[in-house]
J.: 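This is the structure I have questions about; it appears just below.
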Amino acid sequence: MDLRTRMERRRRDTDGLVVDYEAISPAAHVAEPVGRGPVFETLLDHLDPVLDGDLPPDAYVWGPPGAGKSAVITALFAHLPPRRSRVGAIVHTATRPRPDRESPVSFVYVDGRTATTDFGLYHAVLDGLVDESVPTQGVPTEALVERLRDTLAPPSRRAVVAVDHVGEPETYSLSALADRLDGLSDSLAWLAVGRTHPTDLDTPAKPVELPVYDLGTLADIVTSRAMSGLDAPVLTHQQCRDIAAWADGNAHDALAALFAAADRATDCGQSTVTDATLGRALDEVPRGAVPLAQVLTLPPNRQRVLRALLEVDSDDRASVDSTADAIAADVDLSAGTVRRYLYELADDGVVERVRADGPTSGRPPSRVEPRFPTRVFRRLHGRGAPA
DNA sequence: GATCCACGGGAATACACGGATG
DNA sequence: CATCCGTGTATTCCCGTGGATC
């Protein structure tokens with residue numbers, strides 16, 4: 001991001017203690033992740049064959065939630081430009097291409113949370129490879145596959161495709177992903193990113209582990225984000241360490257807590273974050289919650305349902321049905337659709353159903369409780385996709 | 001006209017409980 | 001006492017429809 005857009009955003013965002021919500025957002029990644037140098041080295045070594053015009057083997061980057069998997073992969077692929085090619089501009093020569101002159105390998109990052117169908121997956125890969133616009137509807141999936149094969153046909157082009165968030169409830173499993181990509185072309189290598197230990201997955205892909213952050217590194221991350229997103233020193237170094245200790249290695253949770261603390265302090269008109277405010281902020285961030293980025297990449301109507309859920313009176317939340325009725329009155333959807341969304345969101349862990357006391361007869365109803373950092377969502381929802 | 005996908009709606013199934021039955 | 005059954009509600013599953021796009 002250049003200086004001007006950054007200044008512009010700061011002016012727009014300045015709000016109490018917070019000068020840049022994006023900078024403290026648990027759903028946003030920075031260009032230079034803190035404390036992940038060794039993993040970068042490992043991944044660069046892995047990609048080494050690209051320098052000779054070859055493809056690396058398929059790989060699987062894995063680690064626990066909040067270990068910085070997405071942070072590392074997005075930063076890495078941001079440094080490896082996609083080298084888009086125009087289909088009509090491929091120069092066919094009688095001689096072999098000179099791989100030592102310029103790497104013909106393209107790098108494409110795909111967010112598995114938005115590419116959840118075959119069509120969506122192929123569309124995302126193709127869209128990252130070519131300049132021309134790729135149809136979003138109206139063409140059969142097979143047409144995209146054909147175009148991908150053409151684009152990757154020798155001698156023109158090779159690609160390394162990173163697919164993030166593999167193995168979540170709504171995303172491709174590693175085996176399903178491999179199934180889609182392996183048969184596509186010999187000119188494509190993939191790099192999947194997920195949480196599950198590779199021995200539980202039966203994959204030939206080369207594993208690359210991201211261990212959980214240690215306390216010191218996580219404290220550095222919190223401090224660094226606080227410095228770029230908050231006004232002056234509103235948090236003490238000790239408070240940053242407290243947040244890191246509370247988060248227990250999970251950078252997402254740490255940043256959600258930092259965000260919640262700054263936002264809460266702002267609401268209270270405080271000029272610094274007091275220990276009491278920090279304590280209450282930590283209490284309101286659910287542990288082991290769904291990552292905010294997952295919530296913010298849900299389809300728009302589902303996000304609207306979640307936003308409306310936060311405003312439903314306690315009285316109306318006695319059952320899924322009454323909650324859906326209350327939300328449907330607020331959002332332009334039928335109660336039936338809202339009800340189905342709530343059950344689906346509960347299935348994905350975005351909300352939780354908890355048994356409630358209901359009428360004496362029949363199966364007892366459930367209350368619907370958010371399982372994501374609601375204060376952060378409230379603030380970031382509708383501000384556009386995370387960078 | 002073909003295609004993908006979000007919505008809407010409803011059928012099928014699961015669950016909880018009280019009361020009947022053996 | 002253990003089990004079965006009926007009733008009422010919650011939850012899951014599935015498919016048709018229509019908008020948007022090509």
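Here is the naming used below: chain letters follow the sequence lines, and residue numbers restart at 1 for every chain.
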J.: Could you work out which one of dG8(B), dT11(C), dG19(C) sits closest to the side chain of Arg340(A)?
T.: dG8(B)
J.: With a 4.0 Å cut-off on heavy atoms, is Tyr343(A) in touch with a base, just the backbone sugar-phosphate, or nothing at all?
T.: base
J.: Can you tell which of dC22(C), dA16(B), dC5(B) lies closest to the side chain of Phe119(A)?
T.: dC5(B)
J.: Looking at dG8(C), dG8(B), dT3(B), which one has an atom nearest to any side-chain atom of Thr337(A)?
T.: dG8(B)
J.: Starting from C1' on dG8(B), measure out to CG on Leu333(A) and report it in whole angstrom.
T.: 10 Å
J.: Please determine, for the side chain of Arg355(A), which listed nucleotide (dG8(B), dA16(B), dC22(C)) has the closest atom?
T.: dA16(B)
J.: How close or far is atom P of dC22(C) from atom CD of Glu132(A), stated in whole angstroms?
T.: 14 Å
J.: Looking at Leu129(A), Asp127(A), Val139(A), which hits side-chain contact (heavy atoms from CB on, under 4.5 Å) with Val134(A)?
T.: Asp127(A)
J.: Whole angstrom is fine here: how far is it from NE2 in His123(A) over to P in dC5(B)?
T.: 10 Å
J.: Could you check whether any side-chain N or O of Thr337(A) sits under 3.5 Å from a backbone N or O of Leu333(A), counting only pairs where one atom can act as donor and the other as acceptor?
T.: no
J.: Is it the case that Asp182(A) and Trp190(A) place a side-chain donor and acceptor less than 3.5 Å from each other?
T.: yes
J.: So, does Arg225(A) use its side chain to make a donor-acceptor pair with the main chain of Ser25(A) at under 3.5 Å?
T.: yes
J.: Atom CZ of Arg363(A) to atom C1' of dT9(C): distance rounded to whole Å?
T.: 8 Å
J.: Please work out if Ser334(A) contacts a base, only the sugar-phosphate, or nothing of the nucleic acid, heavy-atom cut-off 4.0 Å.
T.: sugar-phosphate
J.: In this structure, how many angstroms lie between the C1' atom of dT11(C) and the CZ atom of Arg339(A), rounded?
T.: 9 Å
J.: Rounded to whole angstrom units, what separation is found between the CD atom of Glu344(A) and the C1' atom of dA6(B)?
T.: 10 Å
J.: Please tell me which of the listed nucleotides, dC22(C), dT12(C), dA10(C), lies nearest to the side chain of Ser366(A)?
T.: dA10(C)
J.: Checking contacts here: which listed nucleotide (dA16(B), dT21(C), dC5(B)) is nearest the side-chain heavy atoms of Thr117(A)?
T.: dC5(B)
J.: Could you please name the option among dG8(C), dC22(C), dC4(B) that lies closest to any side-chain atom of Thr141(A)?
T.: dC4(B)
J.: Expressed in angstrom and rounded to an integer, what is the separation of Asp321(A) atom CG from dT12(C) atom P?
T.: 13 Å
J.: Would you say Arg353(A) reaches dT11(C)'s phosphate, i.e. side-chain N/O to OP1/OP2 under 4.0 Å?
T.: yes
J.: Whole angstrom is fine here: how far is it from OH in Tyr122(A) over to P in dC4(B)?
T.: 12 Å
J.: Answer with yes or no whether the side chains of Asp214(A) and Thr217(A) bring together a donor and an acceptor at under 3.5 Å.
T.: yes
J.: Can you figure out which of dA10(C), dG8(B), dC22(C) approaches the side chain of Ser319(A) most closely?
T.: dA10(C)
